[in-house]
Amino acid sequence: MKEDIVRVAKAIDFAARAHAPQRRKGEAEEPYVNHLAEVALLVAEATQGADANLVIAAYLHDTIEDQEVKHETLTAEFGRDVADLVREVTDDKALPKAERKRLQIEHARSASLRAKHLKLADKISNLNSILASPPADWSAERKREYFEWAAKVVAGCRNVNPWLEARFDAAYARRADLG
Ligand code: ZN
């Protein structure tokens, strides 16, 4: 629908501005918006463009967590459905990192189907980034630990989208290349 095209374009613009100073952790220091574009494309293709709000939420999925954008702002700009979806995939930064990581594994199982799509796409993008351009200060062990943790999160997101699962499994299968 025409209005969906406008809303998606608005989400890309909002995300690019919100994350403008942010870079990926990898050596290539890619603009953060590259990650958002990858996640959005993955969920768009996985759902054959059937869910505009899911694609919009993909562009915005790290705005609350990384840029302290308010849920109310997302509601005002993109509606409650998008804002709630972003909140559902947002970690509570008040908690210690280890606890946040544990909760991601736990919450994945009870997440909504759409949040599971987002989580799968996010982890695919992160594994691909670590394979293509790992952070300079990450040891092989740390990379492998990330892969194992991501697989545990994704275990709670199975049986929702075989195409995304296959993409995740293909990236995960390359963990032997991590050194
Ligand atoms: Zn992300």
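For the numbers below, each heavy atom of this structure counts, side chains included, while hydrogens, waters and symmetry mates do not. Atoms within a ligand are numbered from 1 in the order they appear, just like the ligands themselves.
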Table please: side-chain donor-acceptor pairs of residues 171-179 below 3.5 Å, with sequence neighbours left out.
unit_1	atom_1	unit_2	atom_2	d
Tyr172	OH	Glu148	OE1	2.8
Tyr172	OH	Glu148	OE2	3.3
Arg175	NH1	Tyr172	O	3.1

Can you list the protein N, O or S atoms less than 2.8 Å from the Zn ion (ligand 1)? His35 NE2, His61 NE2, Asp62 OD2, Asp122 OD1
Between Glu99 and Arg102, is there a side-chain N and carboxylate O pair less than 4.0 Å apart? yes
Take Arg24 and Ser129, measure what side chain to side chain donor-acceptor pair (under 3.5 Å) needs, and give me the verdict at the end. CA-CA 9 Å; Arg24 290 292 265 164; Ser129 286; 2.9 Å; yes
hydrophobic_cluster_shared for Leu42 and Val89, side chain cutoff 4.5 Å: no
Salt-bridge present (Asp66, Lys93; N to O < 4.0 Å): yes
Could you check whether any side-chain N or O of Glu88 sits under 3.5 Å from a backbone N or O of Ser112, counting only pairs where one atom can act as donor and the other as acceptor? yes
